[in-house]
Amino acid sequence: MKILVLGSGGREHAIVRALLRDPSVREVHAAPGNAGIALDVPVHAVDATDATTVTDWRELGADLVVVGPEAPLAAGVSDALRAAGLTVFGPSRAAAELEASKSFAKDVMAQAGVPTAAAHSCATEEEAAAALDEFGAPYVVKDDGLAAGKGVVVTSDRGQALAHARACFAAGGTVVIEEYLDGPEVSLFVLSDGTNAVPLAPAQDFKRIGDGDTGPNTGGMGAYSPLDWLPGDFVEEVMEQVARPVIATMADRGTPFSGVLYCGLALTARGIRVIEFNVRFGDPETQAVLARLRTPLGRLLMDAATGRLAGLRELDWSEKHAVDVVIAAEGYPEAPVKGGALTGVEAAEALDGVSVLHAGTGTGPDGGLVAAGGRVLAVVGLGESLAAARARAYEGVGLISLPGSRHRTDIALKAELGQITVPAGEVR
Ligand code: AMP
Ligand code: GLY
């Protein structure tokens with residue numbers, strides 16, 4: 001198979017590497033890719049969010065196009081590619097509304113009977129103030145559109161919550177204000193061909209910029225998988241309560257969901273609750289999850305794209321643990337500084353059990369690697385235990401230098417120390 005991957009982040013680099021491990025994949029291309037992806041496969045300088053340039057991709061003769069990020073999906077790129085006769089892994093624009101609109105997702109969840117936080121959509125400051133007072137602190141205010149993980153403010157400061165709502169209104173948007181969900185978070189990726197659903201291994205992401213979950217939300221600062229602290233029936237519970245009902249409801253509405261449904265979940269004392277859906281693989285969870293996947297990825301994504309997930313055998317996973325740590329540019333997430341020189345990547349990759357996946361990287365005037373985005377790299381460690389995987393990832397991080405860069409030092413630490421508690425109560 002020849003496969004084209006659209007996107008330029010760490011998630012896409014992880015997908016490219018996993019596709020290259022699939023013996024049935026003959027060739028992988030990426031568009032636009034990044035400096036690291038370009039070291040592994042041919043890259044093409046096209047705007048991945050521009051549905052009108054699909055003919056360029058048709059000429060490549062790809063058997064499958066994998067759409068990585070949400071922006072092209074929300075822009076209808078997968079519809080345009082399908083209309084041009086290509087086979088695509090990624091939902092239609094209509095199905096991508098599950099991520100692009102938080103109020104749409106709430107409607108679908110209500111219709112499907114899926115447990116989620118109680119919420120109100122608000123269009124004015126008066127409505128927002130009333131919703132904040134109804135739910136009380138901590139306050140959760142979400143921009144009702146795509147915001148790269150940065151449109152959500154969780155705070156106990158009512159003034160700050162209202163200010164975020166006001167800023168969203170001023171930008172012409174609306175907000176969703178919802179009840180605060182207490183408990184550990186889990187990301188579960190579920191492949192769907194529109195009808196059938198196959199779960200990958202659960203992962204945990206670290207959304208805040210600072211150690212100890214402090215500071216603003218980011219796109220994600222690190223992740224690990226598997227999650228040994230989860231109840232044994234967790235994945236089946238999510239499939240039964242969340243994924244299958246949502247996939248069935250989307251099909252009933254005439255907008256079947258095909259691609260990967262990212263279920264962002266909280267394990268609360270009252271059971272599993274959906275925090276959000278995304279319609280693509282998570283970043284940086286994918287870097288950890290795919291590092292352990294032994295089932296060939298190309299075949300799997302092709303089966304999802306062509307309605308052939310029924311009867312698939314269980315996926316095959318390495319027994320190893322994977323941890324990835326994101327190195328972000330100075331100033332991330334507010335105002336990332338671009339152009340800083342990046343060194344030590346090769347030395348880190350030479351370590352046993354360590355791989356370095358590129359996100360915001362580019363090539364500087366002297367041909368060396370430079371930071372070209374907020375999240376620059378994800379350093380992945382694989383090990384026999386979570387502690388070993390963490391140690392490897394951080395050993396790799398220690399060899400890499402980028403002036404002013406930041407990373408969290410506590411990715412997967414609580415899990416390693418056995419400090420994650422699943423709230424007592426019925427997981428239902
Ligand atoms: P979202 O973009 O909806 O995933 O939100 C980003 C992050 O904000 C989540 O990963 C959570 O850490 C946090 N968050 C979102 N909604 C809630 C909620 N209802 N209760 C607690 N935390 C939340
Ligand atoms: N890791 C969060 C996301 O991909 O949205």
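All ligand and atom numbering here is 1-based and tracks the order in the structure. Everything quoted here is computed from the prediction, not taken from an experiment.
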Looking at G282, which atoms of ligand 2 are within less than 4.0 Å of one of its heavy atoms?
4 (O)

Expected output: side-chain Q204 to main-chain E185 donor-acceptor under 3.5 Å:
yes

So, R270 and T268: side-chain donor and acceptor under 3.5 Å apart, yes or no?
no

N196 side chain vs G307 backbone, donor-acceptor pair below 3.5 Å:
no

Option set V152, V154, D205, criterion heavy-atom distance to atom 2 (O) of ligand 1, minimum
V152

Should you measure from each heavy atom of R280, which atoms of ligand 2 turn up under 4.0 Å away?
3 (C), 4 (O), 5 (O)

Is there a donor-acceptor pair under 3.5 Å between the side chain of N34 and the backbone N or O of T361?
no

Atoms of ligand 1 close to N217 [distance to a heavy atom under 4.0 angstrom, numbered from 1]:
7 (C), 8 (O)

List ligand 2 atoms under 4.0 Å from K207, heavy atoms only on the residue side.
2 (C)

Ligand 2 atoms in contact with N278 (distance to a heavy atom under 4.0 Å):
5 (O)

I'd like to know if R244 and E236 make a salt bridge, using a cut-off of under 4.0 Å between side-chain N and carboxylate O.
yes

Short N-O contact, R390 and D324, less than 4.0 angstrom:
no

Who's closest to atom 11 (C) of ligand 1 heavy-atom-wise, of K102, E185, E178?
E185

Check each atom of ligand 2 against the heavy atoms of D205 and keep those under 4.0 Å away; list them by number with element.
1 (N), 2 (C)

Please identify which atoms of ligand 2 are closer than 4.0 Å to at least one heavy atom of Y262.
1 (N), 2 (C), 3 (C), 4 (O)

H120 vs F135 aromatic rings, parallel, tilted or perpendicular, using cut-offs 30° and 60°?
parallel

May I ask you to check whether R11 has an N/O atom sitting below 3.5 Å from an N/O atom of ligand 2?
no

Crowding at CD, Q419 (>12 non-hydrogen neighbours, <6.0 Å)
yes

Side chain, backbone, both or neither: which part of E179 comes within less than 4.0 Å of ligand 1 when only heavy atoms are counted?
backbone

Excluding sequence neighbours, so at least two apart, what forms ring pair (Phe, Tyr, Trp, His ring centres under 6.0 Å) with Y262?
F189

Of K142, K207, E276, E99, which has the heavy atom at the shortest distance from atom 16 (N) of ligand 1?
K142

Check if G219 has a non-hydrogen atom at a distance under 4.0 Å from any atom of ligand 2.
yes

